[in-house]
Amino acid sequence: MSAEAVRLLWERMEARDWEGVAAQLHPDAVVDWPNTGERMRGRANYLAVQRAYPEGWHIEVLGIVDAGDQVASEVRVDHEGERFYAASFFEVADGRIVSAVEYWSNGESDEPPAWRAPWTERL
């Protein structure tokens, strides 16, 4: 059931079904984006950010892992020739998302330190 709330969140976001997105979120949900140091407190603020995001994006769910009331997802978002990835960690209670921490990346690699080269290979 918890994974279903997350799957529906992404599905409804892709469809721009904002009422459907709202149905997946607890009214007091808190969503953190550590990469930019932002917190969205409350469903209304989270929805406002999503609705205001410049149009033209598409979400593909790459995977969902259900661990009871903890759910992780990996998504890819294509937007105007750019590609982004998000690893998201959700807490779900009574079928609704109550909190999330999402780590976003543009998929570009940083140069790894030379000292690790003997044990690694480039992706």
Side-chain angles (χ1 to χ4, degrees):
M1 175 144 175
S2 294
E4 182 71 0
V6 172
R7 186 188 66 74
L8 287 171
L9 174 80
W10 292 123
E11 182 180 286
R12 291 172 177 175
M13 282 244 256
E14 172 63 21
R16 300 349 181 238
D17 172 8
W18 303 120
E19 288 182 21
V21 171
Q24 301 314 303
L25 299 165
H26 186 279
D28 298 324
V30 175
V31 179
D32 291 344
W33 287 350
N35 298 65
T36 53
E38 295 173 283
R39 171 170 283 165
M40 291 157 275
R41 191 178 298 280
R43 174 174 60 199
N45 287 324
Y46 180 79
L47 285 168
V49 168
Q50 300 306 323
R51 289 177 121 159
Y53 200 89
E55 193 47 69
W57 46 271
H58 297 285
I59 297 170
E60 180 181 349
V61 176
L62 301 176
I64 295 177
V65 177
D66 189 342
D69 61 351
Q70 303 289 315
V71 178
S73 73
E74 178 185 13
V75 300
R76 184 177 72 213
V77 179
D78 292 319
H79 184 247
E80 297 182 353
E82 293 186 81
R83 179 163 282 171
F84 302 91
Y85 295 89
S88 305
F89 302 90
F90 300 92
E91 181 181 348
V92 180
D94 298 322
R96 286 184 168 177
I97 295 165
V98 295
S99 68
V101 178
E102 297 186 314
Y103 297 93
W104 287 88
S105 169
N106 63 2
E108 293 183 19
S109 312
D110 293 329
E111 191 62 33
W115 67 266
R116 289 198 302 245
W119 307 287
T120 66
E121 61 186 63
R122 295 294 288 184
L123 295 175

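S88 is not listed as a side-chain neighbour of E74, based on a closest heavy-atom distance of 4.5 Å or more. Annotation: side chain of Q24 is not in contact with side chain of R96 (no heavy-atom distance under 4.5 Å). Contact check for R7 versus S73: no side-chain heavy atoms found under the 4.5 Å cut-off. Counting only heavy atoms from C-beta outward, the side chains of R76 and H58 never approach each other to under 4.5 Å. At least one side-chain heavy atom of Y103 sits less than 4.5 Å from a side-chain heavy atom of F89. Within the 4.5 Å cutoff, no side-chain heavy atoms of Y85 are placed close to those of V75. Within the 4.5 Å cutoff, the side chain of W18 has heavy atoms near those of the Q50 side chain. Looking at W33 and V49, their side chains come closer than 4.5 Å, going by heavy atoms from C-beta outward.
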One pair to check against side-chain contact (heavy atoms from CB on, under 4.5 Å): V77 and W104. What are the steps and the verdict?
CA-CA 10 Å; V77 179; W104 287 88; 3.8 Å; yes

Can you check side-chain contact (heavy atoms from CB on, under 4.5 Å) on Y46 and L25, steps first, answer last?
CA-CA 9 Å; Y46 180 79; L25 299 165; 3.5 Å; yes

Show your working on side-chain contact (heavy atoms from CB on, under 4.5 Å) between V6 and I97 and close with a plain yes or no.
CA-CA 8 Å; V6 172; I97 295 165; 4.3 Å; yes

Please step through side-chain contact (heavy atoms from CB on, under 4.5 Å) for the pair L9 and V21, ending with a clear verdict.
CA-CA 5 Å; L9 174 80; V21 171; 3.7 Å; yes

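Contact between R83 and D78 at its shortest, heavy atoms only, is NE-OD1, 2.7 Å. The two residues V71 and A3 have their closest heavy-atom pair at CG2-N, 3.8 Å. Closest approach of W57 and Y53 over heavy atoms only: CD1-CD2, 3.6 Å.
Put simply, V31 and I64 are part of the same group of oily side chains (I, L, V, M, F, W, Y) that touch within less than 4.5 Å, one to the next. With hydrophobic clusters built from ILVMFWY side chains whose heavy atoms lie under 4.5 angstrom apart, V101 does not share a cluster with V61. Cluster membership for M13 and L47, using ILVMFWY side-chain heavy atoms within less than 4.5 angstrom, is shared.
Rounded to the nearest 0.5 angstrom, N45 CG and M40 CE are separated by 9.0 Å. To the nearest 0.5 Å, atom CZ of residue R39 and atom OG of residue S99 are 9.5 Å apart.
The backbone N or O of A22 sits less than 3.5 Å from a side-chain atom of R43, completing a donor-acceptor pair. Proximity of a side-chain donor or acceptor of H26 to a complementary backbone N or O of V92 within less than 3.5 Å is not detected. Remark: side-chain polar atoms of D66 are paired, donor with acceptor, to backbone N or O of G68 under 3.5 angstrom.
By the neighbour-count criterion of 12 heavy atoms within 6.0 Å, atom CD of E55 is densely surrounded, having more than that number from other residues, nucleotides or ligands. For D94, the CG atom counts as loosely surrounded, since its 6.0 Å shell holds 12 or fewer non-hydrogen atoms of other residues, nucleotides or ligands. Annotation: R16, atom CZ; neighbour count of heavy atoms from other residues, nucleotides and ligands within 6.0 Å is above 12.
P118 is linked by a side chain to side chain contact (heavy atoms under 4.5 Å, CB included) to nothing, counting only residues two or more places apart in sequence or in another chain.
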